[in-house]
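Letters go in sequence order (proteins before strands), and every chain restarts at 1.
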Number of protein chains: 2
Amino acid sequence: MTLPENSENDAFDLQNFLPFLLNQAAEGSSLEFQRVYKDRYGMLRTEWRVLFHLGSYGEMTARDIGRRAKLHKTKISRAVHKLELRRYLKRSRDEKDRRVERLALTPAGQTVYNELRGIARDYDARLARKFTSGETALLRMMLRRLAGMD
Amino acid sequence: MTLPENSENDAFDLQNFLPFLLNQAAEGSSLEFQRVYKDRYGMLRTEWRVLFHLGSYGEMTARDIGRRAKLHKTKISRAVHKLELRRYLKRSRDEKDRRVERLALTPAGQTVYNELRGIARDYDARLARKFTSGETALLRMMLRRLAGMD
DNA sequence: GCATAATAGTTGATTTTGTAACTAACAAGA
DNA sequence: TCTTGTTAGTTACAAAATCAACTATTATGC
């Protein structure tokens, strides 16, 4: 592992490249939470996201979730199907527009959501404690802006 | 899209949940760069990462790259194979330890790396301009810590 | 009303990833 | 030296993501 000949390496540092760094941070900070929803609840990433959207915002359509979570409709379609099989959500046709399905958690889904929400809240608090509260607030603001959420 | 009955929603906001937010920011801020290495160079995410590691740090082994980039060896194995087919890198057996392969970019690989590095640098600068330089420095520090890079 | 286009969501084929088992080479201890 | 264990990397198979094509329904323009 020697240094490259080509040393007009002017001012580029991979370890500080934001897209790389953001990915590393996202993966690193998701690992533990992933073990919870995956190993303990048998859910996929898209599945907990759908569950959390319905738990947080109440009844939504697949399209609503896709917009908010920036998830492709095929991913959502399959996640909804799995959550339905597990009886965590139910669908109902919108009678105004029969293309649309209104999605809502069942009581069982609500229960799972409540459990996971508690774990998520604790986990978030643990991550936040790595910094001062001002720093964490600034971090969230910056991430929202990078995500195009405002 | 109505509010959930269950409104003991005490202090949990999905949009501010760090693992979610980090993922959204990572995806959002990778999109444009992805279009470059994917559409213009036909590379996968793991492939540009391997390319950048070799370009930035010079000759390395697959294991070295795996440690630095937190990539699983199977991913690296496949990325190395593809980069080799494109003649962007060459392998050579380490004669001290014949299990090990030393990986290095070919001149063609160096050229592609140099091009992409320039694009990456500009892109990073564009992202950084969304904030003050102090904020950006703080952001990088926090992300490194969340990624377990220090 | 009718043709055309747009939208919600699903399905199937292909690509990519993840997991486990594998080969080959080295290491360490009896 | 001979086991046993570890490490570097590959391969095969299963799981998941992506992309395109599809159905069904509603919207738009003439």
Engineer: Which listed nucleotide (dT17(C), dT19(C), dA25(C)) is nearest to the side chain of Asp97(B)?
Structural biologist: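 The closest nucleotide is dA25(C).
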Engineer: Rounded off to whole Å, could you give me the CG-to-C1' distance for the Leu83(A) and dG9(C) pair?
Structural biologist: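 To the nearest whole Å, that distance equals 16 Å.
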Engineer: Quick one: is Lys75(A) getting a side-chain N or O under 4.0 Å of the dA16(D) phosphate, OP1 or OP2?
Structural biologist: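 Looking at the OP1 and OP2 atoms of dA16(D), neither is under 4.0 Å from any side-chain N or O of Lys75(A).
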Engineer: If only side-chain N and O atoms count, and only distance matters, is there a donor-acceptor pair under 3.5 Å linking Asp64(A) with Thr61(A)?
Structural biologist: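 There is such a pair (donor and acceptor under 3.5 Å, judged by atom type) between the side chains of Thr61(A) and Asp64(A).
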Engineer: Rounded off to whole Å, could you give me the CD-to-C1' distance for the Glu95(B) and dC26(C) pair?
Structural biologist: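 Rounded to the whole Å, the gap is 14 Å.
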Engineer: Just the rounded figure in Å: distance from C1' of dT19(C) to NE2 of His72(B).
Structural biologist: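 My rounded result for the distance is 8 Å.
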Engineer: Measure from NZ or CZ of Arg68(B) to the centre of the six-membered ring of Tyr57(B), then state whether that distance is under 6.0 Å and the direction lies within 45° of the axis.
Structural biologist: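 Geometry flag: set, cation within 6.0 Å and 45°.
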Engineer: Regarding Arg49(A) and the six-membered ring of Phe20(B), is the cationic atom NZ or CZ under 6.0 Å from the ring centre and inside 45° of its axis?
Structural biologist: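 So Arg49(A) doesn't make the cation-pi contact.
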Engineer: Reading DNA chain C from 5' onward, which residue's closest nucleotide shows up sooner: Lys38(A) or Arg67(A)?
Structural biologist: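 It is Arg67(A) whose nearest nucleotide is closer to the 5' end.
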Engineer: Looking only at side-chain N and O atoms, does Lys73(A) come under 4.0 Å of OP1 or OP2 in dT10(C)?
Structural biologist: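 Answer is no, no contact under 4.0 Å.
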Engineer: In whole angstrom, what separates Arg98(A)'s CZ from dT23(D)'s P?
Structural biologist: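 In whole Å, dT23(D) P and Arg98(A) CZ are 18 Å from each other.
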Engineer: Checking Gln110(B) against Tyr88(B): is there a side-chain donor and acceptor pair closer than 3.5 Å?
Structural biologist: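 Per modelled atom types, Tyr88(B) and Gln110(B) side chains form no pair under 3.5 Å.
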Engineer: Counting side-chain heavy atoms from CB outward, which of dA8(D), dG9(C), dT10(D) is closest to Ala62(A)?
Structural biologist: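 So the side chain of Ala62(A) is nearest to dG9(C).
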Engineer: Looking at dA12(D), I'd like to know if its phosphate oxygens (OP1 or OP2) sit under 4.0 Å from a side-chain N or O belonging to Arg78(B).
Structural biologist: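 It does not, given that no N or O in the side chain of Arg78(B) lies less than 4.0 Å from OP1 or OP2 of dA12(D).
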Engineer: Looking for any heavy atom pair under 4.0 Å, which part of the strands does Arg93(B) touch: base, sugar-phosphate only, or nothing?
Structural biologist: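 Touches nothing.
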Engineer: Counting only side-chain N and O atoms of Arg45(A), is one of them less than 4.0 Å from OP1 or OP2 of dA15(D)?
Structural biologist: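 Answer is no, no contact under 4.0 Å.
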Engineer: To the nearest Å, how far apart are Arg91(B) CZ and dT10(D) C1'?
Structural biologist: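 So the two atoms are 9 Å apart, to the nearest Å.
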Engineer: Return whichever of Arg63(B) or Thr46(A) has its heavy-atom-nearest nucleotide of DNA chain D closer to the 5' end.
Structural biologist: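 Of the two residues, Arg63(B) wins.
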Engineer: Compare the minimum distances between each of dT16(C), dT19(C), dT10(C) and the side chain of Thr74(A), then state the nucleotide with the smallest one.
Structural biologist: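 Per side-chain heavy atoms of Thr74(A), the pick is dT10(C).
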Engineer: Leu103(B) CG to dA8(D) P: how many Å, rounded?
Structural biologist: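 Computing the Leu103(B):CG to dA8(D):P distance gives 13 Å.
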Engineer: When you measure from the side-chain N and O atoms of Arg99(A) to the phosphate of dG9(C), is any distance below 4.0 Å, counting only OP1 and OP2?
Structural biologist: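 No, outside the criterion.
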Engineer: Using salt bridge (Lys or Arg N to Asp or Glu O under 4.0 Å), reason through Glu47(B) and Arg86(B) one step at a time and then give a plain yes or no.
Structural biologist: CA-CA 11 Å; Glu47(B) 291 166 35; Arg86(B) 271 177 213 137; 2.8 Å; yes
Engineer: Using whole Å, report how far NZ of Lys70(A) lies from P of dA17(D).
Structural biologist: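 Going from NZ in Lys70(A) over to P in dA17(D) covers 18 Å.
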Engineer: Phosphate oxygens OP1/OP2 of dT10(D): is one of them under 4.0 Å from a side-chain N or O of Ser77(B)?
Structural biologist: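 Looking at the OP1 and OP2 atoms of dT10(D), one of them is under 4.0 Å from a side-chain N or O of Ser77(B).
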Engineer: Rounded to the nearest angstrom, tell me the gap between atom CE in Met43(B) and atom C1' in dT15(C).
Structural biologist: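 So the two atoms are 18 Å apart, to the nearest Å.
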Engineer: Hey, are Ser29(B) and Tyr123(B) close enough side-chain-wise for a donor-acceptor pair under 3.5 Å?
Structural biologist: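 Looking only at side-chain atoms, Ser29(B) and Tyr123(B) do not form any donor-acceptor pair under 3.5 Å.
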Engineer: Is Ile76(A) touching bases, backbone alone, or none of the nucleic acid, heavy atoms closer than 4.0 Å?
Structural biologist: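 The answer is nothing, as Ile76(A) stays clear of every strand by at least 4.0 Å.
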